[in-house]
Amino acid sequence: MSQLLISPLTRRSLLLGTSALAAATALPMRIAQASPITLTAQPARLPLIGQPDTTTRVWAFNGAMPGPTLHVRQGEQVDIAFQNRLEEDTTVHFHGIRLPNAMDGVPHLTQPPIAPGQTFAYRFAVPDAGTYWYHPHVNSAEQLGRGLAGAFIVEEREPLAVDRDLVWLLQDWRLTPDAQITEDFRNLHDMAHGGRLGNTVTLNGKVPEVFAVQSGERLRLRLVNAANARIFALTFAGHAPHIIAIDGQPVEPHAPVDGRIVLAPGMRIDLILDCTGDPKARFSVLDIFYPRQTYRLLDLVYAEQRLRDRLLDTPIALPPNPLREPELASAERHEIRFNGGMMGQMMMRERGMAGMSMRDMMASGKIWFVNGVATLGHVMAPMLTLRRGSTYVLNLINETAWWHPMHLHGHSFRVLRRNDAPTLRREWQDTVLLAPRESVAIAFVADNPGDWMFHCHILEHQESGMMGVIRVQ
Ligand code: C2O
Ligand code: CU
C-alpha cells in the first residue's frame, strides 16, 4: 500500500500534538492514506515571497508548493493517478528511482506526452530507500521554472532515530518586482551560460527567514535541489553536519569537505544535524557557491528550552540499498565528451573539431554537444547500447568552461575518479556534478532494460543539446 501526502510542517505539528509519542520516541510518524495517490499538475497562486497580499502565479502539483511529499516504504508498490490540468503537454519523471522504463516519464521515449485534461497511471515498485523527487520532463525549463516539483521519500525499513525528519526542497525563481515569474524562458543567454539563475530562493515554497530548533535535537535534513540551474554550497555556522546519503543512496557518514554541502540541480543530500547550540542562540546557514553572490539562506534559531541535555548517540549510518556492485575488471569503457557553450567554440577549434560559429549555434538552438551531437527534443538514436547485466565505466569529460550536473535515468552509478584521482568513498549517485574541464569516471551495472536519458540537469543546457539516450538491452 502507498500512503501519505503530508508536509514536514504538518508532520511536526502532528508529532507535537501527540504528546505521548513526542515525549517517548524519535521515530518519524506515518499516516496511512488510501491508494492511489492523486497528483495533479495545475496553475495556482501562492504567497512565495512571504507577503500575504502578494501571490505569485505558478504551476504546482496539487496546487501546493512544493508538491506533496510522497512517502512510501521501501519495496512497496506505488500507485499514482496523475492528471494534467495545465494548458500544455506534460509527464512526471521520478528522479533517481530505479523503476521500469515505461514508468520513467520521458515524453516520446517512454510514454506519449500527457495532453491537457488527460490522465496517466504511474505504477512501480521502489527498490531503494532514500530521498528522491518528481518533476515534469516536458518543456522542463519552463515547467520546473514555474514550480512543478515535489519530494519523494522512500522510508528505510528501520528508520533512523531522529527527532525530526524533514525535507528542505530548494527552488530558485526569477521574479519581477511584483513577484511574478519572468517570461524569458529559453533565452539564448541563459542557454549558453550557466542556465536560468533566479533572484529568489525558496525553501519548501517560501522565502525562509528563520528555522526553529531546540538544543539537543537531532534532525535529518533531506536537501533537494529542484532549481533549474542554481548550484548551492551550504554552510552551517557553529554546527557539524554529517552527510549520510547522496542522491538517495547511503554513504559512510562524513563531514562535508571544507564544511560546504554542494548540491547541484537534481541532486539530493541527506544530513544529520545535531543541534549543539545553546538555548536562544542563533546561527546562519549560508549559500556560498557563487563567490561574488553569497547570501544567507536562513538562521537557525534556538528555543529557550532544551529538548535534552545529552545528544543522541544512536547510529547514523544507513543500511545499503540492493544495488549491483560493478565488476571493474571486466568492465567495458567508453568516453563521453561535452563541448559547447559560451567560449566553447574556441575550445572545439583547438581540438580540431569543425565548430559551427557561435552565431550559427545560437540560431539553431544547438549550443551544447555530447560526443559532437546536440540533441533537441526527446527523440533520438541511442548514443550507446549496453548489454544488460554488464558493467560499464563511462569517462565523462567536460571540455567546456561551465559546470554540468549529469544525470542518468534508471540507474545509480558509483563515482570512481575525478581528474584521475580516486574518490574517497566511491559514492553512489544518479547526478554527478562536473566542474569546468573536469573529467569524472563513473561505473554501473546496466541492469535495467530500456532507453534511458542521460542529460545535464541545468535544464537550459538540456534543452539546447546536452542530452542523449543510453539503451540497455
Ligand atoms: Cu530530474 Cu531527466 O531528470
Ligand atoms: Cu550543463
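All values below were derived from every heavy atom in this structure, side-chain atoms included, with hydrogens, water molecules and symmetry-related copies excluded. All residue numbers refer to positions in the sequence shown, counting from 1. All ligand and atom numbering here is 1-based and tracks the order in the structure.
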> Does any N, O or S atom of H93, backbone or side chain, fall under 2.8 Å from atom 1 (Cu) of ligand 1?
no
> Is the distance between the Cu ion (ligand 2) and the nearest N/O/S atom of H404 smaller than 2.8 Å?
yes
> Aromatic contact between H457 and H135, with the criterion being ring centroids under 6.0 Å apart: yes or no?
yes
> To 10 degrees, how wide is the angle NE2 (H457) to atom 1 (Cu) of ligand 1 to ND1 (H95)?
100°
> With a cut-off of 2.8 Å, does any N, O or S atom of H455 fall short of it relative to atom 2 (Cu) of ligand 1?
yes
> Taking the six-membered ring for Trp, are the ring centroids of H461 and H404 within less than 6.0 Å of each other?
yes
> Would you say R296 has more than 12 foreign heavy atoms packed within less than 6.0 Å of its CZ?
yes
> Within rounding of 10°, what is the angle whose vertex is the Cu ion (ligand 2) and whose arms end at SG of C456 and ND1 of H461?
130°
> I'd like to know whether the aromatic ring centres of H409 and H411 sit less than 6.0 Å apart in this structure.
no
> Looking only at N, O or S atoms, which one in H409 sits nearest to atom 2 (Cu) of ligand 1?
NE2
> With under 30° as parallel and over 60° as perpendicular, where do the rings of W403 and F289 fit, or are they tilted in between?
perpendicular
